[in-house]
Protein chains: 2
Amino acid sequence: MLTADVTAATAVRRGVIHLGRRLRQERPAHDVTLLQLGLLAELNDHGPLTPGQLAAAQRVQPQSLTRVLATLTSRGLLARAADPGDGRRSLLAITDGGREALRRDVDARDRWLAQAMADRLTGTEQELLRLAGELMDRLSTDKP
Amino acid sequence: MLTADVTAATAVRRGVIHLGRRLRQERPAHDVTLLQLGLLAELNDHGPLTPGQLAAAQRVQPQSLTRVLATLTSRGLLARAADPGDGRRSLLAITDGGREALRRDVDARDRWLAQAMADRLTGTEQELLRLAGELMDRLSTDKP
DNA sequence: TATTGTTATACTCTATAACTATA
DNA sequence: TATAGTTATAGAGTATAACAATA
């Protein structure tokens, strides 16, 4: 047969969508939205990136980022510099303020999830879920 | 220590968000949106439900459903009946048309995922992901 | 009074199409 | 011409607050 077990896919879809919603609700006081969180975390982990690279990393269209990037820049959470070699590009980097926001607000979301995992899953299940996270990220890319 | 491994949580968040985005893009021709899909599937699997029950099952606020339910009803994909015992409630059930839409359009999304899993994951990884789906769904509930 | 649901409103997320600037 | 990015526009997704109806 061509396709794999659709039941497994259904379970994954359900889990992904529902946990995504739950995660989105978990917004601490000084709000940084979930998309903003992803962008800041990406820049924090992988140095300065162009808007296009960021969009690819986050699996969104570049147009979807323009406004969010403007917001984050105007709030001082990230800084924009012209690319020396290519005038079309700009390079985005996280600022100290951005790192602070990441630590304070943004990590709160991962802390909620970490806590929930600790409270309600066995060690084996936690490890399983970590691996699943990596697999899901891989699947979300179109590259084989 | 109180909290579990935040790194694991980060990996899970990343995977969930990115795969969720990817899944959302996978919209076949006769479009039923991802939220609509969830509602139809829920009603298909678990009989007639009230709006409140549906909202809880989908991890959204009841208010967020009103419009979508109206859309689905007007398209004939689900039917609404008064609750005999409680006049405040109504009962929603999937129609034949809804089941047809579910099969035709909606399953296409799960088929994409099933195919991606089949093509790019080992059997063990597929099974791991299925389990992870169930765990994620469990975590998205606030009930311990 | 408490519960179920709807209306009103608003903001986030995300996409497509068209445009500008640089290569 | 091709690529990187932005502007314009729109629709999906989701929430909070206020309200109506029923229990």
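Proteins get letters first, then strands, A, B, ... in listed order; numbering begins at 1 in each.
Comparing dT6(C), dT6(D), dG13(D) by their closest approach to the side chain of Leu34(B) singles out dG13(D). Checking dT6(C), dT14(C), dT22(C) against every side-chain atom of Val60(A), the shortest atom distance belongs to dT14(C). Comparing dT6(D), dT9(C), dT4(C) by their closest approach to the side chain of Arg89(B) singles out dT4(C).
Atom CD of Gln63(B) and atom P of dC11(C) are 17 Å apart (whole Å). Going from atom CG of Leu69(B) over to atom P of dT4(C) covers 16 Å, rounded to whole Å. When the C1' atom of dC11(C) is taken as reference, atom CD of Gln36(A) falls 12 Å away, rounded to whole Å. As rounded to whole Å, 15 Å separates atom C1' of dT6(C) from atom CG of Leu54(B). Distance, Leu35(B) CG to dA12(D) P: 11 Å, rounded to whole Å. A straight line from CG of Asp83(A) to P of dA21(C) spans 19 Å, rounded to a whole angstrom. As a whole-Å value, the separation of Gln61(A) CD from dA4(D) P is 13 Å. Across the protein-nucleic acid pair, Leu72(A) atom CG and dC13(C) atom P stand 10 Å apart, rounded to whole Å.
Residue order along DNA chain C, read from the 5' end via each residue's closest nucleotide, puts Arg80(B) first among Arg80(B) and Arg59(A). Along DNA chain D, the nucleotide nearest Gly85(B) and the nucleotide nearest Pro51(A) are compared for position; the residue whose nucleotide lies closer to the 5' end is Pro51(A). Summary of the strand contacts: Gly52(A) and Arg21(A) both lie near DNA chain D, and taking for each the nucleotide with the nearest heavy atom, the more 5' one is attributed to Gly52(A).
With Gln36(A) contributing its side chain and Leu72(A) its backbone, the two residues share no donor-acceptor pair below 3.5 Å. Counting only distance, with no hydrogens or angles, the side chain of Gln126(A) and the backbone of Leu121(A) share a donor-acceptor pair below 3.5 Å. Listed for the Glu100(A) side chain is no donor-acceptor partner under 3.5 Å among the backbone atoms of Gly97(A).
Between Arg22(B) and Asp142(A), at least one side-chain N (NZ, or NE/NH1/NH2) sits under 4.0 Å from a carboxylate O, which counts as a salt bridge. Between Asp137(A) and Arg59(A) there is a salt bridge, since at least one side-chain N of the basic residue sits less than 4.0 Å from a carboxylate O of the acidic one.
OP1 or OP2 of dA15(C) has at least one side-chain nitrogen or oxygen of Ser64(A) nearer than 4.0 Å. Side-chain nitrogen and oxygen atoms of Gln25(B) include at least one within less than 4.0 Å of the OP1 or OP2 phosphate oxygen of dA15(C). Arg24(B) has a side-chain polar atom (N or O) that falls below the 4.0 Å cut-off from OP1 or OP2 of dG13(D). An OP1 or OP2 oxygen of dC11(C) is reached within less than 4.0 angstrom by no side-chain nitrogen or oxygen of Thr33(A). Taking only side-chain nitrogens and oxygens, Arg88(A) never comes nearer than 4.0 Å to OP1 or OP2 of dT20(C). For Thr50(B) and dG5(C), the shortest distance from a side-chain N or O to OP1 or OP2 is below 4.0 Å.
Arg67(B) comes within 4.0 angstrom of a base, heavy atoms only.
Ser90(A) and Arg80(A) share a side-chain donor-acceptor pair at under 3.5 Å.
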